[in-house]
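To start, the structure under review is shown below, and the notes come after it.
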Amino acid sequence: MKPKAAFLGLGAMGFPIACNLQRAGFTTLVWNRTPAKVEEHARSCQTKAVELAEAASAEFIFSCLPTSAEVATLVEQMLPHLRPESIWIDCTSGDPEASRRIAAELGKAGVAFLDAPVSGGTDGAEKGTLTVMVGGSEEAYEKALPLLQAVGEKIVRVGPTGAGHALKAVNNTLLAVNLWAAGEGLAALVKQGVDPRVALAVINASSGRSNATENLIPERVVTRAWPNTFKLGLLTKDVGIGMKVLDGARMPAPLLRLTSEVFQIAKREIGPEADHVEALKLIERWAGVEIA
Ligand code: NDP
């Protein structure tokens with residue numbers, strides 16, 4: 001029989017990920033701070049809505065929360081109920097240092113911890129095609145692999161505890177760099193009279209292309225669709241974690257540090273609840289043009 005999973009945090013990412021676990025045949029217990037979402041999940045994905053204490057009965061406990069701070073709070077609440085030998089898999093884009101502390105706490109109760117942040121957005125979460133970058137022991141990773149394969153396509157153990165979160169933070173800092181840089185370049189081209197669709201077609205057949213130019217800007221900015229799938233506040237949080245990773249490396253990294261400042265300004269001006277791509281509205285405001 002397949003092991004039982006529990007999933008804590010049914011947000012934009014957690015909701016579809018938990019659904020895919022159940023679809024893959026792992027009986028999935030679900031918990032969410034706002035109860036309405038749990039009921040909706042149980043209805044639409046045939047999962048079981050539970051209280052935190054019952055979630056602790058699962059062999060694999062997933063969390064997908066905004067930051068490591070919320071994960072640490074739930075770990076504390078669940079510690080008295082957790083079974084030794086169970087494995088906590090944290091899909092939050094968290095903080096490596098906080099994850100090492102959480103892993104040590106869980107370790108005292110015989111529970112293994114894997115930081116397993118994901119990439120691929122809500123679309124990848126729905127399709128089960130996420131990239132999962134895992135930090136933690138090889139033994140726990142091997143045990144968790146069948147469940148991770150139910151939610152992702154590319155699953156990679158990248159190092160010890162915290163390594164997954166460090167890699168995710170650097171990845172998302174690169175997302176921020178590419179998004180903002182493409183926004184500045186395109187706004188300048190619009191002011192030169194170049195249609196942004198034409199500019200993107202050329203860039204995407206040239207060496208300046210990125211996920212921002214290939215997908216995000218054509219689908220969300222040029223169309224003015226601006227869907228809200230990944231909050232600007234969450235991306236700015238990830239870039240902030242990226243800065244801590246740089247601090248630990250003790251090296252100059254002026255471009256990435258400037259990107260952090262830029263996203264702090266964008267978060268303040270555009271608002272943390274806006275989608276991350278809406279940061280480009282600030283560039284449009286400064287330039288006095290729309291990238292459309
Ligand atoms: P959402 O804001 O959509 O969901 C957040 C979830 O956390 C909700 O279930 C929310 O519960 C819960 N939550 C918030 N605060 C608390 C709290 N204090 N205690 C308990 N639960 C809480 O976020 P996402 O799903 O977008 O993101 C989750 C994680 O995944 C983040 O770390 C994010 O950076 C990362 N991520 C997001 C991606 C995306 O495209 N959206 C892509 C890859 C990673 P409630 O329903 O009650 O509000």
Side-chain angles (χ1 to χ4, degrees), residues 6-20 28-42 45 47 49-52 55 61-78 89-96 98-99 102 115-135 148 151-154 164-176 179 211-212 215-216 219-220 226-242 263 267 271-279:
F7 206 102
L8 317 177
L10 303 172
M13 294 300 282
F15 197 106
I17 296 175
C19 210
N20 283 335
T28 305
L29 313 176
V30 287
W31 177 89
N32 193 65
R33 181 182 60 172
T34 305
K37 276 197 211 164
V38 193
E39 287 147 26
E40 187 194 337
H41 202 274
C45 303
T47 47
V50 294
E51 297 296 330
L52 274 184
I61 294 143
F62 285 79
S63 46
C64 191
L65 301 167
T67 73
S68 293
E70 290 84 26
V71 179
T73 303
L74 285 192
V75 165
E76 206 176 300
Q77 287 171 26
M78 284 180 72
I89 302 168
D90 183 25
C91 295
T92 307
S93 299
D95 179 304
S99 292
I102 291 169
D115 43 307
V118 299
S119 186
T122 49
D123 196 43
E126 276 153 29
K127 293 184 179 139
T129 55
L130 293 169
T131 296
V132 191
M133 45 211 101
V134 189
L148 296 175
V151 303
E153 219 163 53
K154 189 166 184 64
H165 281 154
L167 179 40
K168 174 68 185 175
V170 170
N171 176 77
N172 278 23
T173 306
L174 297 179
L175 158 65
L179 181 60
N211 181 51
N215 299 305
L216 297 175
E219 289 167 13
R220 300 173 179 222
W226 307 111
N228 195 333
T229 63
F230 177 38
K231 292 180 190 123
L232 179 54
L234 289 176
L235 177 58
T236 307
K237 171 259 307 178
D238 294 340
V239 177
I241 297 170
F263 272 79
K267 184 177 101 170
E273 295 299 315
D275 185 68
H276 65 303
V277 178
E278 292 183 70

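Atoms within a ligand are numbered from 1 in the order they appear, just like the ligands themselves.
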Taking distance alone, with no angle check, do M13 and ligand 1 share an N/O pair under 3.5 Å?
yes

One residue to check: T34. Relative to ligand 1, which of side chain, backbone, both or neither has a non-hydrogen atom less than 4.0 Å away?
both

Is G121 close to ligand 1, meaning an N/O of one under 3.5 Å from an N/O of the other?
no

Any N or O of W31 that comes nearer than 3.5 Å to an N or O of ligand 1?
no

Atom 41 (N) of ligand 1 has as its nearest protein heavy atom T229 O, 2.8 Å

Relative to atom 6 (C) of ligand 1, which among C64, S119, P16 owns the nearest non-hydrogen atom?
C64

Look at atom 35 (C) of ligand 1 and find which of P66, G124, P117, S93 reaches it with the closest heavy atom.
S93

Heavy atom under 4.0 Å from ligand 1: found in E70's side chain, backbone, both, or neither?
side chain

Closest to atom 10 (C) of ligand 1 (judged by heavy-atom distance), picking from L10, N32, T122, L74:
N32

Does any N or O atom in G14 lie less than 3.5 angstrom from one in ligand 1, N or O only?
no

Any N or O of K237 closer than 3.5 Å to N or O of ligand 1:
yes

Contact (N/O only, under 3.5 Å) between F230 and ligand 1
no

Would you say the SG of C64 sits less than 2.5 Å from the SG of C91?
no

